[in-house]
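Written below as structure tokens is the structure these notes are about.
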Amino acid sequence: MSETRRKLTTIFCADVQDYTRLMGADEEGTLASLKRCREAMGRLIESHGGRVVNTWGDGLIADFPSVVEAVRAAVDTQNELAGFNADRPADGRMLFRIGINLGDVIVEGDDIYGDGVNIAARLQTSAAAGGIVISSTVYDQVRNKVAVGFEFLGSLMVKNVDEGVPSYAVKIGDARDETPSAERSGPAQPQPQPQPVMAAAKAETTPAPGGQQRLYGVLGVIAAVLIGINLLSWQGVFWARFPVLALAVVAALAWNRDQILFNRKITLLAILALGLAGINLFAWTGQFWAVWPILGIAAVMGVRWSMRR
């Protein structure tokens, strides 16, 4: 029987974006590309002191004794695969997503198990095609030691983990290294800056530049115009409060569509509850009737929260 033990390690998890679609379009070509990419990934993992633990389908798990080398291996992998995909058509590129977590795992034979692995897999599914997402435990160890930038993504919810996992996208295109040379373990190793990797990562991890700001600006102007019309044509009734409330709800819904800090469905219910409370207060007749639908919404939110956890 194999020995079961625990250890603290860095888990590297990767898989292919749209693998099913690629297989449907060209099985033999996709398998040949997957084999080539895996060979390159395995070589880079070993060169950084890591070990490929397991592969399945389009996925791969590796572990590293060094957090810094795990991130360097991921960056080198994405840079090399970006070169591999450069001459391929856009719909035929094999883009990997990589998630990295530092955690305590169960070791049984050559395999590893536990929440540390689950978190790495969840981070991987949250990464952009051609991108890398790391947990805060990894970020704390590498933020001044690897020539890349980082973008905070908020907390990701992971099954069987009570609290959200703060995560960061690795910004390969904005590489920087603020560590003084005396603190590095070796000479600086600047990474190539392939545009295809950053373009894909930026497109999927952040909203369109200025999109929300423009929407908020338009809604604010409309609200100001309505209030101005109401005041300039004042007849003792502030009728603009209802359209302004509707505009505020629209702005909140737009924010909720792109935010990553909270569960979007639960936040949507909270926005609805606040909207009902606003209607009740603006149309006050001496009775707070909104308490009942708000109570119902709160019950639904509680059920969803319990199921999510």
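The shown structure was predicted, so the numbers you read here are calculated from the model rather than taken from an experiment.
The shortest side-chain heavy-atom distance between Met23 and Leu31 falls under the 4.5 Å cut-off. Taking 4.5 Å as the limit, every side-chain heavy atom of Ile98 sits out of range of all side-chain heavy atoms of Val133. The closest side-chain heavy-atom distance from Gln141 to Val68 is not below 4.5 Å.
Heavy-atom minimum distance, Arg72 versus Lys145: NH2-O, 3.2 Å. In this structure, Ala121 and Cys13 approach most closely via the heavy-atom pair CA-SG, 3.8 Å. Here the closest non-hydrogen pair linking Ser167 and Phe152 is O-CD1, 3.4 Å. Closest non-hydrogen pair, Asn79 versus Ile172, comes out as OD1-CG2, 3.5 Å. Scanning both residues, Ala277 and Ile294, for their nearest heavy atoms gives CB-CD1, 3.9 Å. In plain terms, the two heavy atoms of Asp104 and Leu8 that are nearest each other are N-CD1, 3.8 Å.
Applying the under-4.5 Å side-chain rule to Ile, Leu, Val, Met, Phe, Trp and Tyr, the cluster around Trp234 extends to Ile227, Leu231, Phe238, Val244.
In terms of the side chain to side chain contact (heavy atoms under 4.5 Å, CB included) criterion, residue partners of Thr55 (sequence neighbours excluded) are, by chain and number, Arg38, Val52, Leu60. Looking at residues two or more places apart in sequence or on another chain, you find no side chain to side chain donor-acceptor pair (under 3.5 Å) involving Thr9. Applying the side chain to side chain donor-acceptor pair (under 3.5 Å) rule to Glu80 yields the partners Arg43; only residues at least two apart in sequence or on another chain are considered. Among residues two or more places apart in sequence or in another chain, the side chain to side chain donor-acceptor pair (under 3.5 Å) test is passed with Thr30 by none. Among residues two or more places apart in sequence or in another chain, the side chain to side chain contact (heavy atoms under 4.5 Å, CB included) test is passed with Val249 by Leu253, Ile271. Take Ser136 and apply the side chain to side chain contact (heavy atoms under 4.5 Å, CB included) test, not counting sequence neighbours, and it matches Pro166, Tyr168. For Ile222, the side chain to side chain contact (heavy atoms under 4.5 Å, CB included) partners at least two apart in sequence or on another chain are Val218, Leu226, Leu247.
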Decide yes or no on side-chain contact (heavy atoms from CB on, under 4.5 Å) for Gln78 and Ile132, but give the supporting numbers first. CA-CA 8 Å; Gln78 295 296 29; Ile132 306 164; 3.8 Å; yes
Run Arg88 and Ser33 through side-chain hydrogen bond (donor to acceptor under 3.5 Å, both in side chains) and show every step you take. CA-CA 11 Å; Arg88 300 172 66 86; Ser33 296; 3.3 Å; yes
side-chain contact (heavy atoms from CB on, under 4.5 Å) between Asn118 and Asp115: does it pass, once the steps are laid out? CA-CA 5 Å; Asn118 296 336; Asp115 287 342; 3.7 Å; yes
Apply side-chain contact (heavy atoms from CB on, under 4.5 Å) to residues Val148 and Lys171 and explain how you reach the verdict. CA-CA 6 Å; Val148 293; Lys171 299 170 65 177; over 6 Å; no
Would Arg6 and Val105 count as a side-chain contact (heavy atoms from CB on, under 4.5 Å) if you check the C-alpha gap in whole Å, the side-chain angles of each, and the deciding distance to 0.1 Å? CA-CA 6 Å; Arg6 303 194 72 98; Val105 300; over 6 Å; no
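Trp56 and Val117 fall within the same hydrophobic cluster, where Ile, Leu, Val, Met, Phe, Trp and Tyr residues are linked whenever their side-chain heavy atoms come under 4.5 Å apart, directly or through other members. No single ILVMFWY cluster, assembled from side-chain heavy atoms under 4.5 Å apart, contains both Leu295 and Trp289. With hydrophobic clusters built from ILVMFWY side chains whose heavy atoms lie under 4.5 angstrom apart, Ile229 shares a cluster with Leu219. Phe242 is not connected to Val237 by any chain of hydrophobic side-chain contacts under 4.5 Å among Ile, Leu, Val, Met, Phe, Trp and Tyr, and they are in different clusters. Linking ILVMFWY residues whenever their side-chain heavy atoms come closer than 4.5 Å, directly or via other members, leaves Leu95 and Leu44 in distinct clusters.
Going from atom CD1 of Ile112 over to atom CD1 of Ile106 covers 11.0 Å, rounded to the nearest 0.5 Å. Rounding to the nearest 0.5 angstrom, the gap separating the CD1 atom in Ile279 from the CH2 atom in Trp284 is 14.5 Å. Atom-to-atom distance recorded for Ser126:OG and Leu123:CG is 6.5 Å, nearest 0.5 angstrom. The CD atom of Gln124 sits 9.0 Å away from the CD1 atom of Ile61 when rounded to the nearest 0.5 Å. Ile134 CD1 to Leu153 CG: the interatomic distance, rounded to the nearest 0.5 Å, is 9.5 Å.
Listed by first then second residue, pairs satisfying ring-ring contact (aromatic ring centres under 6.0 Å, His included) with a partner in residues 5-26 read Phe12-Phe64, not counting sequence neighbours. Pairs of residues two or more places apart, or lying in two chains, that qualify as salt bridge (charged side-chain N to carboxylate O under 4.0 Å, His left out) and include a residue from residues 54-63 are Lys7-Asp63, Arg51-Asp63. A salt bridge (charged side-chain N to carboxylate O under 4.0 Å, His left out) check over residues 12-33, counting only residues at least two apart or in different chains, returns the pairs Asp15-Arg97, Asp18-Arg21. Residue pairs that meet the ring-ring contact (aromatic ring centres under 6.0 Å, His included) test with at least one member in residues 95-123, sequence neighbours left out, do not exist here.
Side chain of Asn101 to backbone of Ser135: no donor-acceptor contact under 3.5 angstrom is found. No donor-acceptor pair closer than 3.5 Å links the side chain of Thr77 to the backbone N or O of Met41. The backbone N or O of Trp239 lies less than 3.5 Å from a partner atom in the side chain of Asn230, making a donor-acceptor pair. In this structure, Glu69 contributes its side chain and Gly49 its backbone to no donor-acceptor pair below 3.5 Å. Of the possible polar contacts, none joining the Asn280 side chain to the Leu276 backbone as a donor-acceptor pair under 3.5 Å is found.
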